Amino acid sequence: MSSTTDCIDQKDSHQLLINQHNCKISISSLSLSSFRNYGSVRIETSAQPVVITGANGAGKTNILEAISLLSVGRGLRRAKLAEISNVAAGENWAISSNVNGRHGHVKIGTGISNEGIEDSDKRLVKIDGKTTRWQSELSKHISLIWLTPQMEQLFIEGASAGRKFLDRLVFSFDPEHAARVNEYDYHMRERNKLLQYGRADASWLDTLEQKMAACAAAIATARLSTCEHINHTIAASPLTFPKGWLNATGFVEDLLKSGSSAVEAENSLKIALESARNYDAASGRTTNGTHRSELRVTHIEKSMPAESCSTGEQKALILSIILAQARSGAIWHGIIPIILLDEVVSHLDATRRLELFEEICDIGAQTWMTGTDIDLFAGLKEKAQFFKVENGKVFKA
Ligand SMILES: Nc1ncnc2c1ncn2[C@@H]1O[C@H](COP(=O)(O)OP(=O)(O)O)[C@@H](O)[C@H]1O
Ligand SMILES: [Mg+2]
């Protein structure tokens, strides 16, 4: 941890130097085919913020969902893949895009094939025309953060929602994190299965627990580092948004915070897993590990847990966390991510709205924003590109 702290001490968190060393991720073209209410549509964009307006149900969120599917996972709606194909067209959905990514220009394509429909969890991913087996390859090229109205329930939805939110924040800049979380889950499921057999092979259990513990130490370390970066950025921020303080807690995270090294925390988890075998076999689940960790957020000025704050305060806290993570990306990773903000602007008063616009322009992120009322985006005139969505078509506004 000390190296991270040294690094923080040397930086003025709000002094974002957008220079040639910062890699700004942006989409230069996005083509959708048979995607939700779109038959075939292509949007060309510069690296500036993008505003998409249109009536309710016009297809604004669908565009953001398409962009979210350029990163690992099931996208911002967590939809079943077969649901996405346009119901009238009877064809499989596909997205193709040109992206200025972490390693320069890249073509990213994704969609389902007929095999994909049978296996509802699999979508095809092509990077520069080559099909890749691992979705996690996407994280090497793209860095994305999003906020949707559904996520505003985050603080009252329980541990798993907070943990997933934090993990998404982590892997917006740490390409290995998604793969580590998947690997951890895989070994945990194998261990659970083995324990269910009754007379499990002890040496095989040892191996699985060792692998779980090694992944867990890396997962917890990455979560703590992300929280630390965000906390620093929020503390240094001049924005009037409520300031949140993020704390990842759990078996491994708590050990690391109390001074254990990653190796010590890994060993402690391994011992805990071994000693809980009988209990875990009886309960059918794993008692300790990073799959049970929580994200706790405190409203600093009020010393109040986020879940006890008003709905408006919770929304503002989440938005400020998203903005801080984007800024942190530039400060600590040299990456300016794409930000997707779905229907966020309409909930903000005029002052906050202007602050938001200033902040995204200052960070320099290609931020895609949606809303029904174009007037609310007047503060972005000349600074953003405007599109209007109507009847499954996208027009320059
Ligand atoms: N698979 C699909 N095929 C055709 N239309 C769809 C599909 N899934 C969703 N839609 C339509 O997309 C529209 C919603 O788009 P959305 O992007 O959520 O709108 P908004 O502009 O309000 O964000 C709805 O009219 C819905 O019926
Ligand atoms: Mg919408």
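Computed from a prediction, not measured in an experiment: that's the story for all the values here. In listed order, ligands and their atoms are each counted from 1.
- Of the N and O atoms on the side chains of S203 and D201, at least one donor lies less than 3.5 Å from an acceptor on the other residue.
- Relative to the six-membered ring of F241, R352 meets both conditions, a distance below 6.0 Å and an angle of at most 45° to the axis.
- With hydrogens and angles left out, the side-chain atoms of N62 and R77 include a donor and acceptor closer than 3.5 Å.
- With salt bridges taken as basic N to acidic carboxylate O contacts below 4.0 Å, none links R296 and E307.
- Taking a cutoff of 4.0 Å between a charged side-chain nitrogen and a carboxylate oxygen, K193 and E190 qualify as a salt bridge.
- Between H229 and W332, the ring planes lie parallel to each other; the angle is under 30°, not in the 30° to 60° tilted range.
- Residues in residues 145-175 take part in these ring pair (Phe, Tyr, Trp, His ring centres under 6.0 Å) pairs, two or more places apart or across chains: F173-H333.
- With sequence neighbours excluded, no residue satisfies side-chain hydrogen bond (donor to acceptor under 3.5 Å, both in side chains) with H141.
- Protein N/O/S atoms found under 2.8 Å from the Mg ion (ligand 2): T61 OG1.
- For ligand 1, the 4.0 Å heavy-atom shell contains residues R36, N37, A55, N56, G57, A58, G59, K60, T61, N62, R77, E83, I84, S85, N86, V87.
- Taking the charged nitrogens against the carboxylate oxygens, K60 and D342 have no contact shorter than 4.0 Å, which rules out a salt bridge.
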